[in-house]
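Whatever order the structure lists them in is the order used to number ligands and atoms, beginning at 1. Position 1 is the first residue of the sequence; numbering continues from there. Since this is a predicted model, take the numbers as computed values, not measurements.
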Amino acid sequence: MSHLEHLDLAPIAGVNGSVVLPGSKSISNRTLLLAALCEGSTLVQGLLASDDTQRMLEALEALGVKVEQQGDSRDFLVHGCAGSFPNKAADLFLGNAGTAFRPLTAALALSGGEYHLHGVPRMHERPIGDLVDALVQAGAKIDYLANPGFPPLQIHPAELSSDRIAVKGNVSSQFLTGLLMALPLTGRDMTIEVVGELISKPYIEITLNLLAKFGIEVVRREWKEFFIKGGQTYRSPGQIFVEGDASSASYFLAAGAIGGGTVRVEGVGRDAIQGDKRFADTLAQMGAQITWGDNFIEAAPPADGQLKAIDVDLNHIPDAAMTIAVAALFARGTTTIRNIESWRVKETDRLSAMATELRKVGATVEEGQDYIVVTPPAQLIANAAIETYDDHRMAMCFSLVALGGVTVRILDPKCTAKTFPTYFEELARISN
Ligand SMILES: O=C(O)C1=C[C@@H](OP(=O)(O)O)[C@@H](O)[C@H](O)C1
Ligand SMILES: C=C(OP(=O)(O)O)C(=O)O
């Protein structure tokens with residue numbers, strides 16, 4: 001593979017300081033869509049500036065929703081369309097943003113228009129069949145334009161039928177999130193049954209939390225059934241503040257745990273609604289010293305100076321779990337991360353990518369269908385050139401290798417723009 005750009009990171013002797021986190025991707029894109037569906041306007045404060053949120057903003061604009069940026073700030077006034085998008089036909093390019101593609105598919109399938117949804121080539125390899133199957137049960141009309149089960153999609157007006165639908169939960173929680181956000185559009189009593197084990201559950205909690213802020217009550221029965229009473233409308237909370245991104249926090253917290261100083265992230269803490277704040281608990285299990293505030297988390301190395309290996313199920317934090325795989329390079333012993341099969345259908349096949357790149361720096365790695373086992377080398381290999389596979393998290397995770405006293409080359413570093421365009425500048429600011 002050839003790369004136009006790379007970034008050579010010199011060894012980082014230590015880290016110290018504080019990072020103000022950019023807004024949460026998951027909250028930004030959910031909030032934009034819910035605000036668009038409301039009657040009245042909503043001021044969304046602290047929206048993430050990134051590729052994924054840009055795709056959602058562009059999509060809403062194409063649908064005829066008016067969104068006004070407040071000066072140069074990250075505050076946006078969204079003028080809601082009261083459950084009916086003004087434009088009844090649109091062509092939407094959604095890049096590789098799962099949080100745009102899946103919820104918009106659900107909302108547009110129930111919006112009475114003709115919509116063409118497509119993305120980058122990798123998005124066309126990421127499954128969406130379980131969501132389409134569920135929507136079709138409710139009466140949606142959706143065609144696959146290339147391969148069955150995958151984008152691109154052509155959406156036609158639905159003819160509502162069943163008020164009870166089933167959705168598989170084991171490939172992506174974003175399908176259930178999409179349904180929960182969109183089904184109030186039907187105006188009917190709707191019941192969603194989750195078939196099989198639901199993965200990535202904390203993301204459903206984010207969805208339910210934000211739906212409640214927008215006036216939609218969902219009755220949850222365990223993780224098996226969700227009931228949405230008919231006749232509910234999306235109601236603007238007036239203004240809503242986007243928390244800092246807890247997945248983005250993981251790189252800095254890991255740096256603090258590894259790197260001989262204390263690092264604070266501001267914008268997520270005890271009060272955060274994102275499941276990825278639990279990443280700090282996993283670091284604590286590895287021995288890191290973690291301090292929680294209402295709106296910050298701080299990480300410092302273990303009292304005895306070195307992290308220890310763990311054997312953990314990280315299904316609840318699939319994104320931040322990648323950071324643990326790289327932190328494992330700095331732990332005494334062999335680390336096992338389990339129940340992460342969804343890694344295979346994200347920005348790249350992350351299990352394969354992670355195994356390949358960890359081996360480049362000298363680790364011994366076993367890659368299973370849904371787990372990874374990482375044993376660090378006695379000495380990290382210097383000057384490894386890390387492929388990032390157009391995966392922002394590969395780039396951000398592997399920057400941590402520089403904390404091991406070696407230079408590391410990150411290929412295509414700008415891929416962090418998916419969720420964190422200024423990542424490397426922030427890392428430099430806390431590096432000594
Ligand atoms: O709902 C969300 O905001 C997300 C859910 C997760 O996906 P899966 O449910 O596919 O694991 C996560 O990996 C993704 O980055 C964001
Ligand atoms: C899986 C991710 O993104 P998406 O929202 O596109 O699923 C991610 O950000 O790690």
* So which heavy atom on G17 is nearest to which on I430, and how close? -> C-CG2, 4.2 Å

* Asked: Between F420 and H392, is the gap from one ring center to the other below 6.0 Å?
  -> no

* Asked: In ligand 2, which numbered atoms sit nearer than 4.0 Å to a non-hydrogen atom of Q174?
  -> 4 (P), 5 (O), 7 (O)

* Pick whichever of E347, M394, K346 has a heavy atom sitting closest to atom 8 (C) of ligand 2. => E347

* Indicate whether any N or O donor in one side chain lies under 3.5 Å from an N or O acceptor in the other, for T177 and R102. => no

* Asked: Got the closest protein heavy atom to atom 2 (C) of ligand 1, with its distance?
  -> Y203 CD2, 3.3 Å

* Can you find a pair of side-chain heavy atoms, one from I27 and one from Q274, that are under 4.5 Å apart? -> yes

* Close-contact set for ligand 2 against T99 heavy atoms, below 4.0 Å -> 5 (O)

* Of the choices E347, K346, R102, which has the non-hydrogen atom that lies closest to atom 8 (P) of ligand 1? -> K346

* Side chain to side chain, D8 and H6, heavy atoms closer than 4.5 Å -> yes

* Is the shortest distance from a heavy atom of M123 to ligand 2 less than 4.0 Å? -> no

* Structure fact -> Counting from 1 in the order shown, the ligand 2 atoms closer than 4.0 Å to a non-hydrogen atom of N96 are 6 (O)

* **R350, portion touching ligand 2 at heavy-atom distance under 4.0 Å** => side chain

* Structure fact -> So the atoms of ligand 1 within less than 4.0 Å of a heavy atom of S172 turn out to be 8 (P), 9 (O), 10 (O)

* **Donor-acceptor side-chain pairing of T348 and D391 below 3.5 angstrom** => no

* **Nearest non-hydrogen protein atom, atom 9 (O) of ligand 1** => S173 OG, 2.5 Å

* What residue and atom, counting heavy atoms only, is the protein's closest point to atom 12 (C) of ligand 1, and at what distance? -> D319 OD2, 3.4 Å

* What atoms of ligand 1 come within less than 4.0 Å of a heavy atom belonging to S200? -> 8 (P), 9 (O), 11 (O)

* Asked: Is the ring centre of F252 less than 6.0 Å from the ring centre of Y423?
  -> yes

* Do G98 and ligand 2 have an N or O pair less than 3.5 Å apart? -> yes

* Should R30 be counted as touching ligand 1, given the test is an N or O pair under 3.5 Å? -> yes

* Using a strict cut-off of less than 4.0 Å between a Lys/Arg side-chain nitrogen and an Asp/Glu carboxylate oxygen, indicate whether E347 and K418 qualify as a salt bridge. => yes

* Salt bridge R344-E367, side-chain N to carboxylate O under 4.0 Å -> yes

* Proximal atoms of ligand 2 relative to H392 (non-hydrogen, under 4.0 Å) -> 8 (C), 9 (O), 10 (O)

* Structure fact -> Residue, atom and distance of the protein heavy atom nearest atom 7 (O) of ligand 2 read R126 NH2, 2.7 Å

* **Interfacing atoms of ligand 2 (cut-off 4.0 Å, heavy-atom, R393)** => 8 (C), 9 (O), 10 (O)

* Would you say ligand 2 has an N or O under 3.5 Å from any N or O of R102? -> no

* Asked: Is a side-chain N or O of D294 found less than 3.5 angstrom from the main chain of G269, in a donor-acceptor match?
  -> no

* Are D52 and R55 ion-paired here, with the side-chain N under 4.0 Å from a carboxylate O? -> no

* If you have a sec, work out which protein heavy atom is nearest atom 5 (O) of ligand 2 and how many Å separate them, to one decimal? => K25 NZ, 2.8 Å

* **Residues E357, R359: salt bridge by 4.0 Å N-O rule** => no

* Check each atom of ligand 1 against the heavy atoms of S26 and keep those under 4.0 Å away; list them by number with element. => 2 (C), 3 (O), 16 (C)

* Modelled atom types, side-chain donor and acceptor of N339 and D370, under 3.5 Å -> no

* **Nearest neighbour in protein (non-hydrogen) for atom 16 (C) of ligand 1** => Q174 NE2, 3.4 Å

* Counting each atom of ligand 1 from 1 as listed, which ones have a heavy atom of K25 under 4.0 Å away? -> 14 (C), 15 (O), 16 (C)

